[in-house]
Every structure is written in C-alpha cells, then in structure tokens.
2 protein chains.
Amino acid sequence: MVTLRDIAKAAGVSTSAVSRAIRDQGNYSEEVRNKIKTLASEMGYKPNINARALVKKQSDIIGFIVPDASQPFYGLMFKGAYTASLTTEYRLMISNYDNDHRTLDNAVESLKAAGCRNIIIHTLHTDIAYLKKLSEEVPGLVVIGRLIPEIQERCVWIENFYAGRLAAEHMLKNGHHELAVVLHDYVKLDSAERLQGIKYVLEMQGVKLKDDNIIYTNSEEAEDIGKQLAQKASELSGVIAFNDQVAIKVMNGLQASGVKIPQDISVIGFDDSIFCELSLPSLTSVKYPCYEMASYAIRLSIKFTNHQESLDSQANMFMPSLIERHSVLKA
Amino acid sequence: MVTLRDIAKAAGVSTSAVSRAIRDQGNYSEEVRNKIKTLASEMGYKPNINARALVKKQSDIIGFIVPDASQPFYGLMFKGAYTASLTTEYRLMISNYDNDHRTLDNAVESLKAAGCRNIIIHTLHTDIAYLKKLSEEVPGLVVIGRLIPEIQERCVWIENFYAGRLAAEHMLKNGHHELAVVLHDYVKLDSAERLQGIKYVLEMQGVKLKDDNIIYTNSEEAEDIGKQLAQKASELSGVIAFNDQVAIKVMNGLQASGVKIPQDISVIGFDDSIFCELSLPSLTSVKYPCYEMASYAIRLSIKFTNHQESLDSQANMFMPSLIERHSVLKA
DNA sequence: TTGTAGGCGTTATCAG
DNA sequence: CTGATAACGCCTACAA
C-alpha cells in the first residue's frame, strides 16, 4: 500500500503538500501539482478511505434504504442510484428493511456510526416524526416515494394525481367508459392520489365511476378480483390497476374466466416495470421513473452536504408518462 | 459522539481496558467487564468503524458484485446476502457491473482501497486468470454462479446437470416425449450443462431429441421462437426453456399463435422467479436457490477471513428442485 | 508557497 | 491483569 508519505518522499516534498496537491487545494504551481499527481498515479496511490473518514468525521458512503430490493421496482431504483454514484466520489451502500421499522432504524444507525452523512430512504409508511428528526441529524437525508410537507425540499416524489389522469384519459380516449379501479390495500396514499386523478378526468367528461367498481386488494388476491370482475364483464370496458403486478393478475383472472383482453376489457397498470413485456397481451402502463428519480435523489443528497452548490427551488417532483402496449383496445 | 476515552473516564479505567472489555478480549473479571459494558451501552457508545478499520487495515464491509441488480434473480441474491449479513458484524455493499469488465474492476478496486477483504462476485464470463489473481489478493473472495476448478473451494454453484434432469424427468413422467429445448445465447455454460442433463434422461428412456429442436435465443427474440414452434405444434408436446423469462415469452408466442398451454404443449422454465406466478398459466419451474446460495456465500467468505473456523470439505454446490405450477399437463 | 506538528478513535505492544 | 504509548494514514491549523 502506497501512502502520502511514500509519494512525498519520492517527490521531495512534504506529505501535506501531496495531500493538498492531490485534492486541488492550496496555491501550488501547475508544475508542482502535476508532478505530484503524475507521480502519485504512477506509484498507484489510492487514498486510504478510512483514514480520511476518521479525520474528517464523515464517510464517502451514501446509504440507500429500500423496503425490498428483490422487487424489480426497487432494483431499478438501486441501479439508477448506483449509476449516478459512479460519477461522484461517493460509494453506495444499499439496505433492505422489509417494511420493518426496527430493521430500518438499525440500518440508519449503522450508517451513522460509520460517519455517513448521506442517506436516501424509500418509504411509504415510516412516521413523519422519525423522518423529521432524522433530517436534523443527517444533513444529506433524502426521502423518496413520498412528499412530506415539513421536509419538502428533501423529498423526491411522483405526481400521482397526474398518473391517474393519464390512465383515465387513455381509457376514455379509446372509448372505454365503464371502468373499474383496483387499488392497493397497503399503499393507501398513492392509491388515493391516483384515484383522485382518475375521478377528476371522469367527472370532467361526465363519466360515472360506480362506487363498487373501486376495489382494494393486494398482490395475492388480485387474481380473484379479476375473476369477480369477469362476472360483470358485460358492463365493464376497462380496468385500471394499481401496479403492473396487480394488473397482470387481474388480467389473468379475467382471462381465466374467458374474458378476452383487450377485445372485451382493456387493462392499464402502473410502473412500466419489467413485467409489462411478459404478459399476454403486453401491458400498457403508466411509467414510474424509478431510475431517474433515484439518480436524482443521489445528486440532491450530495447537494445538501456540499455547501458550495446552491439549491434551486424547483420541486423534486417527477412526472409519469403513458407507455402504450397491447392491453388497451384502440378506438 | 462518545468515544472509548469518555467511557474510560466515566469508569475510572484506561481506554485499553474499555477497548478490550468491549471486544471480549483479555482476562477481565466478569464484574469489571459487565460494568464497562453496561456503562458503554448506557452512554450510547458506538465504536468508530473508520478508526477501527484504519488501525486494523481492514474494513467490516463485504462487497457483493452482481451483473444487474434490477433483475429479480440478483435482487433475491442480494436479499439473501443482506439478511445473512445482518447476523454478523459485517455490512454489505452491493455493486452493479452490467457485465462490463471495467466496471467490475473499478468496483473491486474501490472495495480494496477501503480495506475490504471480503468480496463476492456473481459472474458468468469474467476470465479465470483475473479471478484467480483476485483470490490471492482478497482473502475472502467468493465466486458465485460458476465452478472454477482452480479455486473450487471459493465457488458457490448449482448442479445444472441435475436441473436439466429434473425438467426432463417431469416432462417424461407426464407423458410429454416430443420436446424442444430453448437455451440462452449469452449463458452458454449453464445452457450446455442443463442440456446435458436433459439429454441424459431422454437417452436413458430411449426418447429422441431432434437437433433442430434445440434452439438458442435471447430474451428479446424468445417470443418469436414461440411463434415458430407453434408451426410444428402438432409434433411437439413440451418445451423446456432456459429461464422463466424465456419460458414465458415462448409461452406467449405459442399462445398468440393459438396453441393451448398446457393442453397442447407443456412448458417448464428455470429459476422459479417472481415471474412464475404472473404468467397464465402459472409456470412450472426448476428452482435456482439464489437466496440460499447468496447467504451461504456470505458465511463462506467470512470463514476465509476468520482463521478460527475450519473449512470443511463439503462442496459448495446447491441442488435445484422442481416447483410445480400449471404449465405442465399432468398425465 | 511550503513544511511542521498535532490529532481523529481505535488497537496492539509493551512494561509494570 | 492493567495501563501507558505508539502507531494506522490522512487532514489542517499554524508557522516559516
């Protein structure tokens, strides 16, 4: 292992000179700086991250905490975050908390103990007080997936209302007026917002959405919901489902009961995940830009801990978009 | 931040006493040790990981490097590894290399620069010389997904031959004798081994596998393969596909061409991934125990760096198993 | 513009 | 059995 001292000796200068030159500090002539830098790279110098973290009392690690990294949704987020981190001097450390608050807090504490000042959490349910407190302790805290007004500037979220609108408009545009909406039990907030967006469009166009066509379910029971909907297939022309997995399961339930998709009923999902290409027919979906949001979250977190850069006041909100495939019958 | 010194002062002992007591070193009386430990936890002491890593010249980080964390297959591996790491004193850092060797090497170097001595790599194609060299530099190196004879003891792999057997036997057992096998272009090794297993079973039972029913493809073209196979549906009763995604796409191609599954043709995939429950019919698949293998890899890596524990000579090989669903017509 | 010296929190090596 | 003391590699006043 080659240290600052080694290269200082080789260059005939002091360790502090090397330390500064390498980090572009101090007023060194280009000549000296270059000499030191080339020497360093020739000798294969790598700064000892632990020593640096010790003296600066902060690490170069960004913690990225998600509920379930095995789901493609979060996998894609991780990838966006990781790719963004590659262009920085930070390294990414991902943690999985399975929607268990204690596991989450453990991960946070372990990160803090390592001097981590940048933490990104994807959370739907974590209580606001905890997050607020955390934002005071962790300068680079960013919350992704939800808008929390008290710490709005450190939230990265999606326009769910607009997502609902997109789905509903696409249905109406193609002549599908008798709609059912299948929402997610566990993800109440996003569900509610998207439903708002859907209702907004329907009301504007004078289309009625029956109360008993608004159904709450989860991934396990979604196929049954599809079968139930098949019973009233004749009075239904479209189903908007909370996410792609639910959409596909509903679609499967429908098809298993002899309903043709999209001929009899059109289906739209949310997320635009890897699942969309695997269903038959392939699933039209409203894209949730996970990848982009996660990589933005990385940059945002770094801004908070790098005083140099000024934060602009543009909202950290992302817009969904409709990705057409073959589960909606065209007008 | 509370340090060793703080608690030493409070306890009226030296910092070294505290350091040792906390790590269960030295011959301290239970009384003293307990006093120190309770004091430490009362004061909320957390060892400074960076200081420790600096002096010990090694970090508590295990690097876990995968080709594409956004795929559920690797997501599940990560989860297994992460969960296993929770019961240890190590933290997990995941990297994504997109099958690009330079990105992989960067990740490795970054890990090494941080004093990381435990690295787990999932790799299909990385060249053996590189891995061998790495195994000399990184004491806790583990390769997952492939058997490399030269460093066999640090490889964690699956019995692909047996996986092929399971699939073929299940087909034959249910009376499906006219088979097609769809393999993966990019994953040559696993493909070849599984094909061996399939052929073995067929030969044993005197069933012929036509050469032009052995097809190489990739995820993009798999649906077309399904459509092509539909042309000769009458002379086909089963398709064994390289993985679940390929299986489902083949199935979709088949169904889009009017072939009924499993009535006309039965289909088996590999991996037993999250996709299996989403297809219609749900996909019978040979399970690749990613989760278990990854968590085993963690323990194995730690064994290599903890001289205390002795390594037994049991092979680090895992067995696949058949998970029945509804894509195979029962005899 | 450069170098010296002290310290970050921990562990390990010595003496006592 | 315990406690000074010297590192680990780096950064940053402060001095020159």
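Proteins come first, then strands; the chains are lettered A, B, ... in the order of their sequence lines, and each starts at number 1.
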Check: Whole-Å distance between D:dT12 C1' and A:L54 CG?
Finding: 14 Å
Notebook entry, point to check: Which part of the nucleic acid, if any, lies within contact of B:R20, taking any heavy atom under 4.0 Å across all strands shown: a base, the sugar-phosphate backbone alone, or nothing?
Noted result: base
Next item on the list: Please examine the side chains of A:L86 and B:N106, heavy atoms only from C-beta on, and report whether any two atoms are closer than 4.5 Å.
Entry: no
Next item on the list: Assess whether one donor atom and one acceptor atom, taken from the side chain of B:S16 and the base of D:dA4, lie less than 3.5 Å apart.
Entry: yes
Note to self: Over all strands shown, is B:L4 touching base, sugar-phosphate only, or nothing at heavy-atom distances under 4.0 angstrom?
What the structure shows: base
Notebook entry, point to check: Mind checking whether A:I36 and A:Y28 have side chains closer than 4.5 Å, heavy atoms only?
Noted result: no
Notebook entry, point to check: Reading DNA chain C 5' to 3', which nucleotide is the first, and which the last, to come under 4.0 Å of any heavy atom in chain B?
Noted result: C:dG9 to C:dT13
Next item on the list: Give a yes or no on whether a salt bridge exists between A:D24 and A:K37, defined as a side-chain N under 4.0 angstrom from a carboxylate O.
Entry: yes
Margin query: By the 4.0 Å heavy-atom rule, please label A:Q25 as base, sugar-phosphate, or nothing.
Written below: sugar-phosphate
Check: Which whole-number value in Å describes the distance from A:R52 CZ to D:dC10 P?
Finding: 8 Å
Notebook entry, point to check: Between A:E136 and A:K133, does at least one N-O distance fall below 4.0 Å, as a salt bridge requires?
Noted result: no
Note to self: Rounded to whole Å, how long is the line connecting atom OH of B:Y28 with atom P of D:dG3?
What the structure shows: 7 Å
Notebook entry, point to check: Backbone N or O of A:R102 within a donor-acceptor pair of the A:D105 side chain at under 3.5 Å?
Noted result: no
Check: Just how far, in rounded Å, is C1' of D:dA7 from CG of A:N48?
Finding: 14 Å
Margin query: Using a strict threshold of under 4.0 Å (side-chain N to carboxylate O), is an ion pair present between B:K287 and B:E292?
Written below: yes
Indicate every side-chain donor-acceptor pair of residues 60-76 of chain B with a distance under 3.5 Å to a residue at least two apart or in another chain.
residue : atom : partner : partner atom : Å
B:D60   : OD1  : B:R91   : NH1          : 2.8
B:D60   : OD2  : B:R91   : NH1          : 3.4
B:D68   : OD1  : A:K79   : NZ           : 3.1
B:D68   : OD1  : B:S70   : N            : 3.0
B:D68   : OD1  : B:S70   : OG           : 2.7
B:D68   : OD2  : A:K79   : NZ           : 3.4
B:Y74   : OH   : B:H122  : NE2          : 3.4

Item checked: Residues touching DNA chain D, which here means a heavy atom under 4.0 Å, drawn from residues 107-118 of chain A -> none
Next item on the list: Please confirm whether the backbone N or O of A:E153 pairs with a side-chain atom of A:N316, one donor and one acceptor, at under 3.5 Å?
Entry: yes
